[in-house]
Every structure is written in structure tokens, then in C-alpha cells.
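Below, read A as the first sequence line, B as the second, and so on, with proteins coming before strands; counting in each chain starts at 1.
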Protein chains: 2
Amino acid sequence: MESEKIIIDEGKFIPHLSVDCVIFGFHGEQLKVLLPKVKSLDLWSLPGGYVMKDEDIEAAAQRILEERTGVTDIYLEQFYIFGKANRSTGETLKKVLLANNFAIDEKSWVFERFVSVGYYALVDFSKVNTKIGIYDEVCEWHDIHQLPDLAFDHAEITLKALETLRFMLDDKLIGLNLLPDTFTMKELQILYETILDKPLRRDNFQRKILSMGILERVEKKFTGAAHKAPYLYKFIK
Amino acid sequence: MESEKIIIDEGKFIPHLSVDCVIFGFHGEQLKVLLPKVKSLDLWSLPGGYVMKDEDIEAAAQRILEERTGVTDIYLEQFYIFGKANRSTGETLKKVLLANNFAIDEKSWVFERFVSVGYYALVDFSKVNTKIGIYDEVCEWHDIHQLPDLAFDHAEITLKALETLRFMLDDKLIGLNLLPDTFTMKELQILYETILDKPLRRDNFQRKILSMGILERVEKKFTGAAHKAPYLYKFIK
DNA sequence: CCAAAAGTGTTAACTGTACACCCATGT
DNA sequence: ACATGGGTGTACAGTTAACACTTTTGG
């Protein structure tokens, strides 16, 4: 089945440089990561891409995120640059291109050594419409504790992203980016417990969060359950 | 004075990528940064360089640091990647090359957009023998509070390095890398006060540091001053 | 009226800060 | 002996963690 090959315009991009995104979401009391799977291959990887020659790196990350989630203005943070000379091999990428009927130029930089900028993103799970990329068969959410084998050093990148997320969590209450616009204190607590992977005390957690003065009580949420209705909160400003 | 031009071998390096190092030292109760000044131009910048095509980025940073300080195994940490599309201009570099009798290839990537990986390094001031780079006239220590104007966005990079250093200081007692092998508690305290730019209590500082259990008392240091001789400490392990 | 979970008052434990005193040293 | 700075005991304050009680909801 030889058909016309598809050619990528490598001249548009900064050679040897890529952006990889660890996209976190929260659903069903689980912390999830959005992962595409390459067409025809049993190969999962982080959503990533190249940086255009006149594009800010952060803009490239935003572009890649929008392509996969359909969401604009995503919360994201650069967390590390992965620069080991032997961290990737061109062989894997060649398999990907072959499986997708792309032309392979053996001399291209895309098969050589890569430096990758790691970004982590926090998105409201309910707002995301996952989209597959040009090489992908599917793009799915995976439980952080049950990730498939990942290509290259993407498992290491994911782990470092998670560690950074944990480290930064208290600082700025960034976890809110993973929740819908309004939420109960219980939901926020479960989110924190999930990310930190340890139980928190209900009473003290509530006080600590409220003492930051960045949440506003909106209304009561009647769940139909046989207990006091919790308040809904939203982020101020 | 037209002589034979010097040509750099750009093919050795990853294009559009550079490493910039903020080298911290401590001397005379002042926090210092090591800065080279370009020959014939009134232009100060951070020590930096390119990454060879088969070289780990961190190895590149180590190489750049060794070239300037003569010290091996320097403590260094990657702290940020600076990736704005318009952060540098080729014009400044052209002036530098002109002033140094280097050949200029107008089409070279070195005059285009750069992505720079920022590393900060902590060195024992007394072990450093500063060396000038190929474009430099001098390479000198500058007080962090009295920096000259810096080229490109190097002032911003330096500030971010300092902020990161302050943020990380408590975590791992990394400040020790700025001192000689043995030191008094007073010296360590002054170092911390200098970095954090605020006074600390002598008694509580001593207890806090010792409670970390990573310092060992070595011997007393008789200074010849009319007071109790302080202990010398060294880092355990 | 009861069970379940939300919200809050109170207390205990811990940590960090401040003050004090004693010790060693050279003049 | 005394002035100077190092080392440490202790008390106070502020913060965080633990416990307990009250409130609200639907069965």
C-alpha cells in the first residue's frame, strides 16, 4: 500500500528543541494525565511538539495544549528542561512516521538528539474535549497510578511534573485550576489528598484554605443526601 | 587593521540554544556574581556558551563553568529556561565579533533567536581563578547589589537566579557550597544574612542549623581576638 | 429521632522567637 | 578584672494538629 508520502515542513521550527506537556485533570477522585497513543503502534507518549522559529516557548506550549484539549488560557508552568544527549532516539520516531505514511528524510534533525522543555498543565476535566494529533489513534485520560509504558523518557518527565505539582501546591492554591468554577470543600479536600497521596484532616483543611481568603461562599448545594448541605465555593477574582 | 578573520565552527553546536550561568561567590561579607566584559566594548554579560551536539546540557554548563573558574565539580542547578522569541538580538553579538576580529556569516543561526537554559552555580570564592573567555577583556566578581548594566535579558536572568537561590536556601543547606571546607557559625550566618538580605538571630540560627544534623564540629579557631574561640564546622559526608 | 456529613469552638502539641546567663579568650 | 563574642538554658508567642460539640439534612 504505497501512497503519496506526507512531508512536514521542518524549516518552520527550531531544530533539536521540543516541548512536552504533562496535562493533569481530576475526575472520579483520581488524578489523571492526558496521553495520546500513536496510530498502529502500541506506543503512548506525552503530548508534545516543536517550537516555531519566531514563537515564544510558552506560546508553543499553549498551542500544543489547545490542540489536544480545545481549551484556551490553560494554566501551565514550565518545570524542567530535559537535556541529556541520549534521552531520545530517532528510531522510535521513524516507526511513528512509517506507521502514519509520512516521508522520512534520514538527514533531518528530527531523528537526532532532542532537548525538551517540560510544562505541566492543570485543566478543568469537564471542559476538555480531547482531540487526537496527526500521528495518533486515541488520546485518553490515564490514572496517574496506572500509566501505560511511555516512550522515551516520558515516564521520568511525568514523575518530575508530579513532584513539582506537589511541591507547588501549597504556594498558590494552584489546585483550583483542576476543579470546575464552583466546588465543595470536600471536593477540594479530596483533590488535595489525591495529589499529595495522603489523608488530610477535614476540620483543619477547611480552616487553612478559608484563612487564605481567596474563596467565596456562593450557595448551598443540596445533594439529596441525608446530611447538612455543604456550601459551594468559588475562587475570588 | 584588517587581519585574517577567526571563524567559529557552528556545526559543532545545537543551533538556537545556549546556556547562561549565574556564578555566585561569597567574599568580604558580600554576595558576588562572576561577570566577563567583552573586549573593546563597554558590555557585561553572563558567562555562557553553546551546547555541543552530543553533549548533555548539564555537561555544557559544567564545561562553561570550568572554563571561567578553573574549578571542577561545581555545584549547579538548572533554574529556568528563557524562551521568549524576542529576548535577544543578533546586533549585539555582531558588535562583539567585530570587536574581536571574528568572521561574521550573516546567515548564521548565531544572530537569530536564542533559547537559553539558565543555571546558577555556587562556588568557593577562595578556590576560583577567574579566566577570560575568547571575547573577553576581563572577568570579575561583582557585588550583587552593584551590578553593571547587562546585555540582553541577563539582568532578568540574574534576578531569577537570586530568587531561586533564596527560595532553595533552607531546603538543602546548599549555601555551604559558597564557603570553604571549614567555617565558623558566624561566617555561615553572615552568608545567610547576605543572601536573604535580612538580619538573623545568632542564637536561633545556630540551633536551627545544628538541628539539621549535617554539620560536624572540627576544632576551635583561635582568632587572636579577645573572646571565646568559635568552633570550626565542616559538612558531614 | 437517627445517621451522616458540614461547620466551628476549644485545647494540646509543636515550632519559632526572644531574653538571659555562662563560658572562653586576649588585653 | 574586663570587654567581647560564642554557646546554650529557658520562657513566651504564634502556628498547627487533634478533639469535641453543634448544625443541618433526608429517611
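Scanning DNA chain C 5' to 3' for nucleotides with an atom closer than 4.0 angstrom to a non-hydrogen atom of chain A gives a first and last hit of C:dA3 to C:dT10.
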*What one-letter contact string describes nucleotides 12-22 of chain D from 5' to 3', where B marks a base within less than 4.0 Å of any protein heavy atom, S marks contact via sugar-phosphate atoms alone, and - marks no contact?*
-----BBBB--
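In this structure, B:Phe205 places its CZ atom 18 Å from P of D:dG5, rounding to the nearest Å. Atom NZ of B:Lys186 is separated from atom C1' of D:dG7 by 13 Å (rounded to the nearest Å). Atom CG in B:Leu188 sits about 12 Å away from atom P in D:dG7, given to the nearest Å. Whole-Å rounding puts the A:Lys221 NZ to D:dG26 P distance at 14 Å. As rounded to whole Å, 9 Å separates atom C1' of D:dG6 from atom NZ of B:Lys220.
Applying the salt bridge (Lys or Arg N to Asp or Glu O under 4.0 Å) test to pairs two or more places apart or on separate chains, those with a residue in residues 206-226 of chain B are B:Asp170-B:Lys208, B:Glu187-B:Lys221. Judged as a ring pair (Phe, Tyr, Trp, His ring centres under 6.0 Å), the pairs with a partner in residues 180-201 of chain A (not counting sequence neighbours) are, in order, A:Tyr192-A:Phe205. Among pairs with a residue in residues 151-169 of chain A, those fulfilling salt bridge (Lys or Arg N to Asp or Glu O under 4.0 Å) read A:Arg87-A:Asp153, at least two apart in sequence or across chains.
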*Yes or no on ring pair (Phe, Tyr, Trp, His ring centres under 6.0 Å) for A:Phe82 and A:Tyr80, after CA distance, side-chain angles and deciding distance?*
CA-CA 6 Å; A:Phe82 298 85; A:Tyr80 202 72; 5.1 Å; yes
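We find that A:Glu193 and A:Lys186 are not joined by a salt bridge, their nearest charged nitrogen and carboxylate oxygen being 4.0 Å or further apart.
Nearest approach of A:Trp44 to A:Leu35, heavy atoms of both residues: CZ3-O, 3.4 Å. A pairwise comparison of heavy atoms in A:Ile174 and A:Leu122 identifies O-CD1, 3.5 Å as the closest pair.
Each of A:Ala226 and A:Gln206 lies near DNA chain C, and the nucleotide nearest A:Ala226 is the one positioned closer to the 5' end.
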Which pairs of donor and acceptor atoms, one on a side chain in residues 60-71 of chain A, lie under 3.5 Å apart (sequence neighbours left out)?
unit_1: A:Gln62; atom_1: NE2; unit_2: A:Ile74; atom_2: O; d: 3.0
unit_1: A:Arg63; atom_1: NE; unit_2: A:Glu55; atom_2: OE2; d: 2.8
unit_1: A:Arg63; atom_1: NH2; unit_2: A:Tyr50; atom_2: O; d: 2.8
unit_1: A:Arg63; atom_1: NH2; unit_2: A:Glu55; atom_2: OE1; d: 3.0
unit_1: A:Arg68; atom_1: NH1; unit_2: A:Asp136; atom_2: OD2; d: 2.8
unit_1: A:Arg68; atom_1: NH2; unit_2: A:Asp136; atom_2: OD2; d: 3.3
unit_1: A:Thr69; atom_1: OG1; unit_2: A:Leu65; atom_2: O; d: 2.7
unit_1: A:Thr69; atom_1: OG1; unit_2: A:Val71; atom_2: N; d: 3.2

